[in-house]
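Working notes, structure below.
Counting from 1, the numbers follow the sequence of the chain as shown. As the structure lists them, so they are numbered: ligands from 1, and atoms in each ligand from 1.
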Amino acid sequence: MNLTAYNQVSVPNLMYGTAWKKASTKELVQLAVASGFRAIDTANQLIHYEEALVGEALQALEQQGVRRESLFLQTKFTSVDGQDQRTPYDPAADLTTQVRQSFESSLTHLGTTYLDSYVLHAPFQRRGLGAADWEVWAAMEELYESGKTKMIGISNVAAGQLAELCEKASHKPMVVQNRCFAALGWDKQVRDICQAQGIIYQGFSLLTANREVLVDPEIRAIARRLGAGVAQVIFRFAMQIGMLPLTGTTSQQHMKEDLQAEQFTLSADEIQRIETIAL
Ligand SMILES: NC(=O)c1ccc[n+]([C@@H]2O[C@H](COP(=O)([O-])OP(=O)(O)OC[C@H]3O[C@@H](n4cnc5c(N)ncnc54)[C@H](OP(=O)(O)O)[C@@H]3O)[C@@H](O)[C@H]2O)c1
């Protein structure tokens, strides 16, 4: 199944994340695509991601007949604050130039002429949006208008910041990517804005940020009823409430399980219970 944003661009409803894979990135991306993933998330940020190795995997997959157009590729612009000394653009350049250089470097790393989604890794400040955010967003809007990326988005964004962006930007984001805490109603405030605005909400750390939920007796009972794993219940819950979950599993078995989450159906009562389980 796909999710469709307000600009009518669609994304597969489960995405493979490539953070922290280091030298295994190429092999794991190939394995993920062979297992059935069609959406890949990375970032032009060497501290956490090996974008160039994602590109090597894509090249190998292309040789095996997996066409670029059959995949959804998403990467991110990470500001100097989120980089080490290996900044993939001139850190002394103005922000507009930094975004353009980072984007071109991502295209080179990934061996592609366009992206499906280009995401601002994080706003420059915790509350509200400042001049730096608006300059970067304008540069990203320019990339979107040029057709070099089919979507633009923002990550690690607070509800107030997202509301401001939606209100004032020429192009509001088509995707949001946030860490999803069950204790915040699975990021309910931000998800509600996304739903109202036709923005695709991508959730990460669904398992790792919610360890107490994974051992909750009610979740375990639901998993038993479905004959599923707890991780599958969480991913299916996410899908049923309209979220696009990310998984970065390193296990082929877990890749299969995560993809199979779509085959289960939670009841309305179960959805409501999980949504409020940590509140
Ligand atoms: N925008 C941002 O700032 C940001 C920040 C963090 C992450 N992300 C993105 O989100 C992606 C996912 O990151 P994440 O934080 O959600 O965590 P993750 O790195 O994917 O970790 C998921 C954990 O869940 C386990 N797991 C997955 N499927 C499982 C299953 N079926 N059964 C049991 N365990 C399972 C994995 O273990 P196994 O490896 O053993 O399966 C792993 O320990 C990243 O790769 C990245 O692309 C973005």
Side-chain angles (χ1 to χ4, degrees), residues 11-12 14-22 24-29 31-33 35-37 39-51 53-54 57 71-79 81-83 106 110 115-124 126 152-158 161-162 173 175-182 186-187 190 200-215 219-220 223 226-239 243-264:
V11 189
L14 182 63
M15 189 174 283
Y16 187 69
T18 62
W20 314 300
K21 307 289 181 286
K22 299 187 175 159
S24 308
T25 301
K26 178 178 176 185
E27 181 198 337
L28 286 168
V29 169
L31 192 61
V33 172
S35 302
F37 284 90
I40 309 287
D41 177 74
T42 184
N44 203 352
Q45 181 204 32
L46 277 164
I47 299 177
H48 297 305
Y49 296 83
E50 295 286 344
E51 194 181 51
L53 294 185
V54 174
L71 299 174
F72 184 97
L73 295 186
Q74 173 171 282
T75 189
K76 310 183 192 85
F77 170 75
T78 309
S79 67
D81 288 350
Q83 305 276 1
S106 287
L110 295 168
L115 288 174
D116 295 282
S117 173
Y118 196 54
V119 172
L120 170 56
H121 213 145
F124 285 75
R126 288 186 80 113
I152 49 176
I154 187 162
S155 181
N156 300 299
V157 68
Q161 293 173 318
L162 181 59
V175 304
V176 158
Q177 184 181 101
N178 267 7
R179 180 167 281 116
C180 198
F181 291 102
W186 306 89
D187 210 9
V190 173
I200 294 171
Y201 179 95
Q202 305 177 356
F204 62 83
S205 301
L206 285 169
L207 306 180
T208 49
N210 301 301
R211 296 199 188 274
E212 74 289 358
V213 174
L214 305 184
V215 293
I219 292 277
R220 292 186 163 228
L226 292 167
V230 168
Q232 289 177 311
V233 171
I234 302 296
F235 287 137
R236 185 56 187 153
F237 158 74
M239 291 171 186
M243 185 193 301
L244 188 165
L246 281 122
T247 175
T249 177
T250 53
S251 138
Q252 186 168 25
Q253 177 60 26
H254 290 167
M255 285 181 188
K256 283 189 191 140
E257 288 174 13
D258 297 351
L259 285 159
Q260 281 166 359
E262 216 179 342
Q263 293 168 12
F264 305 100

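- Closer than 4.0 Å to atom 42 (C) of ligand 1 lies none of the heavy atoms of the protein.
- When Gln252, Gln202, Gln74, His254 are ranked by how near their heavy atoms come to atom 30 (C) of ligand 1, first place goes to His254.
- Checked against a 3.5 angstrom limit, the closest N/O atoms of Gly248 and ligand 1 fall inside it.
- At a heavy-atom cutoff of 4.0 Å, ligand 1 is contacted by the side chain of Leu207 but not by its backbone.
- Atom 5 (C) of ligand 1 has as its closest protein heavy atom Phe204 CE1, 3.2 Å.
- Listed by number with element, the atoms of ligand 1 under 4.0 Å from a non-hydrogen atom of Asn156 are 1 (N), 2 (C), 3 (O).
- In this structure the side chain of Ser35 never reaches within 4.5 angstrom of the side chain of Tyr16, judged on heavy atoms.
- Considering each of Ser205, Gly153, Ser251, Gly17, the one bringing a non-hydrogen atom nearest atom 15 (O) of ligand 1 is Ser205.
- Residue-level proximity to ligand 1 for Ala19 is carried by backbone and side chain together, each with a heavy atom below 4.0 angstrom.
- At least one side-chain heavy atom of Gln232 sits under 4.5 Å from a side-chain heavy atom of Gln260.
- Inter-residue side-chain proximity for Ile234 and Asn210 is flagged as unmet; no heavy-atom pair is nearer than 4.5 Å.
- Contact annotation: Tyr16 has no heavy atom less than 4.0 Å from any atom of ligand 1.
- At a threshold of 4.5 Å between non-hydrogen side-chain atoms, the residues Val11 and Asp116 do not count as touching.
- Proximity of Leu206 to Met243: side-chain heavy atoms (C-beta onward) are separated by under 4.5 Å at one or more points.
- Within the 4.5 Å cutoff, the side chain of Ile219 has no heavy atoms near those of the Leu214 side chain.
- Contact check for Thr78 versus Ile47: no side-chain heavy atoms found under the 4.5 Å cut-off.
- Each of Phe204, Phe181, Tyr201, Phe237 was evaluated against Trp186; a single residue qualifies, Phe237, per the ring pair (Phe, Tyr, Trp, His ring centres under 6.0 Å) test.
- By the criterion of a heavy-atom distance under 4.0 Å, both the backbone and the side chain of Thr250 are placed next to ligand 1.
- Residue-level proximity to ligand 1 for His48 is absent, since no heavy atom of it falls below 4.0 angstrom.
- The presence of a protein heavy atom under 4.0 Å from atom 10 (O) of ligand 1 is confirmed.
- Nearest heavy-atom pair across Asp41 and Gln74 is OD1-NE2, 2.7 Å.
- Contact atoms of ligand 1 toward Tyr49: 4 (C), 8 (N), 9 (C), 46 (C), 47 (O), 48 (C) (distance under 4.0 Å to a heavy atom of the residue).
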